[in-house]
*Asks:* 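Pasting a structure below so you can have a look.
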Amino acid sequence: MKEYNFTEIDAKWQEAWQKNGLFKVDIKDCKNKYYCLMMFPYPSAALHVGHGRNYIIGDVVARYKMMKGLNVLTPMGWDAFGLPAENAAIKGGIHPKESTLNNISRMKKQLNSWGVLYDWDREVTSCLPDYYKWTQWIFLKLYEKGLAYRKKAFVNWCPSCNTVLANEQVVNGGCERCDTEVEQKELEQWFFKITDYAQRLLNDIEKLEEWPEKVKIMQKNWIGRSEGVNIEFPLASSEKSLTCFTTRVDTIFGCTYMVLAPEHAMVEELIEGSPDKAKIMKFISEIRNESKIERGQTGTDKKGIFTGQYVINKINGKKIPLWIADYVLMEYGTGAVMAVPAHDQRDFEFAKKYGLPMEVVIDNPKEHLEASKMTSAYEEEGVLVSSGEFNGMSSVKAKEKIADYMEKQKIGKRSVHFRLRDWLISRQRYWGAPIPMIYCDKCGIVPVPEKDLPVLLPEGVEFRPTGESPLKSAKEFVSTTCPKCGGKARREIDTMDTFVDSSWYFLRYISPKMTDKPFDSHDVNSWLPVDQYIGGVEHAILHLLYSRFITKVIYDLGYISFDEPFKRLFTQGMIVKDGAKMSKSKGNVVSPDGLIESFGADTVRLYTLFIGPPEKDAEWSDRGVEGANRFLKRVWGLLDIYSEAKEEASNQEAKDAILRKMHQTIKKVTDDIDGAFHFNTAISAVMELINEAYALINEKGRSCFGKNVLGEVIRNTTLLLGPFVPHISEEMWERQGGEKSVFKASWPKYREDMLITDTVVVPVQVMGKLRGTIEMTRGIKEEDIKKIVLADEKINQWIKDKQIKKWIIIPEKLVNIVV
RNA sequence: GCUCGGGUGGCGGAAUCGGUAUACGCGCACGACUUAAAAUCGUGUCCCUAUGGGAUGUGGGUUCAAGUCCCACCCCGAGCACCA
């Protein structure tokens with residue numbers, strides 16, 4: 001028999017799968033549907049083995065589910081808009097469209113060389129008009145619902161590159177390209193009102209039973225709901241009042257001053273006429289010039305200034321000073337904070353620095369607190385003191401009672417605040433979907449009518465940064481007519497965040513070629529939610545949250561009947577090399593191409609899967625790849641042994657043993673895949689089976705199992721390995737007379753009665769220490785166990801001079817004697 | 001600082017319910033085959049002062065029995081970070 005020629009085998013089967021359309025799906029046939037989705041990639045220059053892990057895992061799941069008889073949909077596409085292509089274009093002069101499409105065709109070849117299969121008829125590419133037409137359509141739908149709006153916002157600005165930067169491009173406060181310190185610049189921006197969905201996005205996390213707990217917690221924290229009270233503080237000098245939000249209303253009696261964010265709308269009015277007005281304005285402008293990063297640091301020295309104004313704390317009538325400080329953020333709560341230095345560390349530090357008073361109102365039950373002796377704020381729970389009628393109450397109870405009191409007295413109102421902010425979707429960049437909006441001097445902001453979509457991204461545009469959105473220079477693009485009045489108008493020149501493109505692509509796969517609608521609602525409803533979503537943890541928050549949000553909006557609009565897109569989520573770990581993430585700059589990138597050439601696709605797949613549990617990071621080792629190859633050769637070698645074996649088994653014992661091991665392996669592999677995708681242990685189980693087969697053959701001869709049984713072992717091994725190493729499995733399946741594809745064959749079943757043996761080897765301990773093992777028949781009585789154990793010479797050594805106090809007997813598992 | 005993960009041989013990693021710690025693979029050593037090397041096959045491989053003793057980041061605890069449960073701490077990784 002020929003040796004394992006992976007080059008030939010890989011090519012043969014990759015061609016065959018393409019030809020017979022193994023993964024082509026009839027969308028109308030949704031019986032037993034299984035939607036297996038991988039996060040679509042950004043088309044970068046070349047894939048490394050770390051990327052490969054993602055696709056290989058998905059391919060294993062898809063092939064396995066197919067063998068389980070499910071109707072599997074696995075599509076693939078490209079998240080093709082985005083900054084890297086634009087940056088490369090600025091540097092190298094190649095148009096982003098050209099480089100992106102080139103990258104796509106290169107990546108497709110690479111995916112194919114791994115033996116990773118998709119239904120390519122459903123391919124979507126987010127930078128092509130037939131796709132982004134519908135991204136624009138989604139924008140219009142959000143606009144109609146009042147969920148897309150414009151407002152002034154600060155953006156990251158690199159003064160050297162003369163451009164706006166995305167948050168991801170700001171590295172330690174500097175521009176990722178030139179390292180210049182990033183400034184904040186205020187521009188009109190488009191937002192999606194995701195905050196309207198904050199509560200639902202939070203509540204529905206409960207529905208995501210099959211998501212990793214980690215991801216759910218990250219989303220919860222990101223949404224960041226907190227309950228508290230909005231309290232009114234009237235100004236001492238006028239009728240007006242300021243509202244502040246607190247989660248610690250129990251500490252209200254300890255509030256000794258109040259602080260506003262420098263951006264607070266009332267500031268100017270408050271300091272009008274003050275002798276210190278100029279000083280205060282100077283202070284505010286200094287704070288505003290600080291970068292977000294600088295100001296956002298915990299523990300940085302807090303800076304503030306007194307406004308000259310006072311407010312009244314209505315619960316005790318006290319007049320307290322009103323300050324402005326950089327540690328209060330305008331974006332959260334009301335931009336005004338009641339300061340309780342004794343019970344909040346930030347207020348504590350600030351009060352110390354500026355000599356503001358401090359009053360203990362929550363006493364530590366373990367150790368009495370005195371304001372003058374405190375070195376840090378006491379933020380724990382405790383008992384109320386100096387709090388009027390609430391004295392003696394626990395802080396937990398007081399939170400409720402004081403809130404009740406305030407609502408009754410109309411001093412304050414219970415309120416909920418979220419950390420989540422609205423989603424800023426405008427990008428002053430070229431390579432993205434144009435925002436379909438028109439500005440008319442007469443009619444104002446007018447949406448592009450649906451019939452005029454797509455708003456095409458012009459191709460001949462100067463995309464080198466000039467300080468303004470590149471589309472501004474495309475005169476023919478900008479100048480248009482107002483859809484309302486027909487007069488002269490200009491187009492929006494910003495493009496959309498690429499996260500908008502990726503927040504609905506899983507719907508488009510169902511109807512990728514539809515021209516009059518983004519998708520067919522009936523088909524989408526029958527195939528979604530996605531049964532299994534697979535991708536990197538780095539998308540745990542943004543992409544997954546945005547997709548959930550857009551799905552809910554489309555649900556509310558009545559286009560779909562489900563409001564969570566992904567039923568089950570799997571996040572795979574990174575592959576690292578020399579302890580670091582693979583990157584060109586570190587020079588530790590491992591390309592799959594050479595490895596596939598020297599060992600074959602199956603070897604690379606097998607090693608990638610065997611390297612460790614797929615949800616964890618793993619260290620790549622080229623030597624390990626050789627081990628995987630060695631194993632495949634051993635599996636292949638069974639074909640030779642089979643062809644030389646005699647019909648009849650020459651050794652009954654060997655035959656029984658291998659059959660038992662085979663059924664145990666079927667169970668183990670099935671359980672490992674069905675459970676937590678633990679492919680590494682599934683593969684090691686098959687290795688054990690092969691090891692045992694060889695050990696028995698070496699010992700008892702090539703015909704020890706007989707042709708029948710060896711053939712059965714080979715066939716089942718082929719089936720079990722199919723999802724992991726599809727090419728060699730197909731080849732062996734064919735050579736063993738299997739019909740059609742191994743993936744059209746059904747997944748093997750194990751026989752329960754073949755899993756157990758008549759006898760078990762039971763460890764025997766004395767005082768919890770292992771002293772020997774004894775073989776016993778199953779179902780043996782306790783008395784008989786004792787007799788056997790006492791009769792054992794080795795065990796007896798340890799108990800002969802001692803008195804037996806207690807027997808611990810766990811049937812078929814363990815015996816422990818306490819002396 | 002807060003919230004999650006994680007810490008087991010030279011290395012990647014196994015270990016359903018608390019029940020034989022170190023499966024499987026890599027590496028290494030020795031042997032076989034070979035003129036030789038590679039490949040392949042076989043044997044061995046946690047440590048020690050070895051009929052025994054000690055090891056799962058450290059120190060305690062619960063238990064007949066702890067990698068697994070409880071308490072305190074150390075280290076590594078991820079996310080959030082002046083969120084009132």
Side-chain angles (χ1 to χ4, degrees), chain A residues 3 212-222 224-226 228 244-249 251 255 259 261 293 295-302 325-329 331-340 343-347 349-350 417-421 537-538 540-541 573-574 576 579 606-607 610-613 615-628 630-631 633-634 637 671 675 678 680-688 690-691 694-695 698 761-773 794 797 805-810 813-819:
Chain A
E3 67 172 37
E213 213 48 46
K214 175 174 70 173
V215 173
K216 292 199 272 183
I217 290 168
M218 278 162 78
Q219 293 221 346
K220 273 184 202 162
N221 292 343
W222 187 262
R225 182 184 200 270
S226 51
C244 79
F245 173 70
T246 182
T247 55
R248 290 297 305 271
V249 72
T251 65
C255 171
V259 209
I293 291 90
R295 190 172 153 194
Q297 285 306 324
T298 320
T300 34
D301 195 32
K302 296 169 179 38
D326 62 349
Y327 75 96
V328 178
L329 307 172
E331 305 91 89
Y332 188 78
T334 60
V337 170
M338 62 171 232
V340 185
H343 305 294
D344 182 287
Q345 188 56 27
R346 294 155 305 181
D347 299 341
E349 286 164 24
F350 192 78
H417 285 262
F418 293 94
R419 212 196 68 106
L420 184 71
R421 315 272 163 77
V537 237
E538 65 272 22
I541 299 174
M574 237 179 5
V576 299
L606 188 74
Y607 176 66
F610 184 64
I611 191 166
E615 73 279 10
K616 288 204 185 125
D617 289 353
E619 170 79 31
W620 184 269
S621 133
D622 285 342
R623 297 307 285 267
V625 179
E626 291 172 36
R630 211 168 290 162
F631 169 70
K633 283 190 202 155
R634 271 160 75 79
D671 290 351
H678 279 173
N680 55 329
T681 49
I683 290 165
S684 72
V686 182
M687 286 174 170
E688 282 186 55
I690 300 303
N691 287 350
Y694 271 100
N698 283 340
V761 176
V762 176
V764 180
Q765 302 178 329
V766 179
M767 291 300 287
K769 284 212 157 51
L770 184 72
R771 297 302 179 194
T773 52
K794 236 173 133 190
Q797 272 185 15
K805 268 200 199 145
K806 200 173 164 190
W807 285 83
I808 288 148
I809 297 170
I810 294 136
K813 264 266 168 87
L814 171 128
V815 175
N816 189 12
I817 305 163
V818 187
V819 292

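So that the names make sense, note that chain A is the first sequence line, chain B the second, and so on, each numbered from 1. FYI, side chains are in, hydrogens and waters are out, and symmetry mates aren't considered; it's all heavy atoms of this structure.
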*Asks:* When you match A:Arg771 and A:Lys616 each to their closest nucleotide on RNA chain B, which lands nearer the 5' end?
*Replies:*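 First, find each residue's nearest nucleotide; the 5'-ward one identifies A:Lys616.
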*Asks:* Fill in the dot-bracket string of RNA chain B, one character per base: . for unpaired, | for a pair to another strand, ( ) or [ ] for pairs within the strand, taking Watson-Crick or G-U pairs under 3.5 Å.
*Replies:* (((((((..(((......[....)))((((((.......))))))(((...)))..(((((..]....))))))))))))....
*Asks:* Quick one: label A:Trp620 by what it contacts on the DNA or RNA (base, sugar-phosphate, nothing), any heavy atom closer than 4.0 Å.
*Replies:*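 Counting heavy atoms under 4.0 Å across all strands, no contact is made by A:Trp620.
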*Asks:* Determine whether the side chains of A:Asn691 and A:Arg634 contain a donor N or O and an acceptor N or O closer than 3.5 Å.
*Replies:*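 Their side chains do contain a donor-acceptor pair, which is all the 3.5 Å distance test asks for.
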*Asks:* Could you please name the option among B:A84, B:G25, B:G13 that lies closest to any side-chain atom of A:Asn680?
*Replies:*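 So the side chain of A:Asn680 is nearest to B:G13.
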*Asks:* At under 4.0 Å between heavy atoms, what does A:Asp347 touch on the DNA or RNA strands: base, sugar-phosphate, or nothing?
*Replies:*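 Answer is nothing: A:Asp347 stays at 4.0 Å or more from every strand.
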*Asks:* Taking 4.0 Å as the cut-off, does a side-chain nitrogen or oxygen of A:Asn691 come that near to OP1 or OP2 on B:G25?
*Replies:*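 A:Asn691 to B:G25 OP1/OP2: side-chain N or O found under 4.0 Å.
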*Asks:* Just checking A:Ile611: base, sugar-phosphate only, or nothing, at a heavy-atom cut-off of under 4.0 Å?
*Replies:*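 The residue A:Ile611 makes sugar-phosphate contact but no base contact.
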*Asks:* Of the nucleotides B:C17, B:C83, B:G25, which one has an atom closest to the side chain of A:Arg419?
*Replies:*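 Closest of the options to the side chain of A:Arg419: B:C83.
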*Asks:* If you look at every strand shown and take non-hydrogen atoms under 4.0 Å, does A:Lys220 touch a base, only sugar-phosphate, or nothing?
*Replies:*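 Nothing, no nucleic acid heavy atom in range.
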*Asks:* Give A:Arg346 one of three labels, base, sugar-phosphate or nothing, depending on what nucleic acid heavy atoms sit under 4.0 Å from its own.
*Replies:*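 Result for A:Arg346 = base.
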*Asks:* Quick check for you: among B:U40, B:A23, B:G19, whose closest atom lies nearest to any side-chain atom of A:Lys633?
*Replies:*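 Nearest listed nucleotide: B:U40.
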*Asks:* Got a sec, which residues hit salt bridge (Lys or Arg N to Asp or Glu O under 4.0 Å) with A:Glu688, two or more places apart in sequence or on another chain?
*Replies:*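 Expected list: A:Lys661.
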*Asks:* How far apart are the C-alpha atoms of A:Trp620 and A:Val576, what are their side-chain angles, what is the distance that settles it, and do they pass the side chain to side chain contact (heavy atoms under 4.5 Å, CB included) test?
*Replies:* CA-CA 6 Å; A:Trp620 184 269; A:Val576 299; over 6 Å; no
*Asks:* Closest-nucleotide mapping onto RNA chain B: is A:Pro613 or A:Thr773 further toward the 5' terminus? I mean the 5' end.
*Replies:*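 Mapping each residue to its closest nucleotide by heavy atoms, the 5'-most match is A:Pro613.
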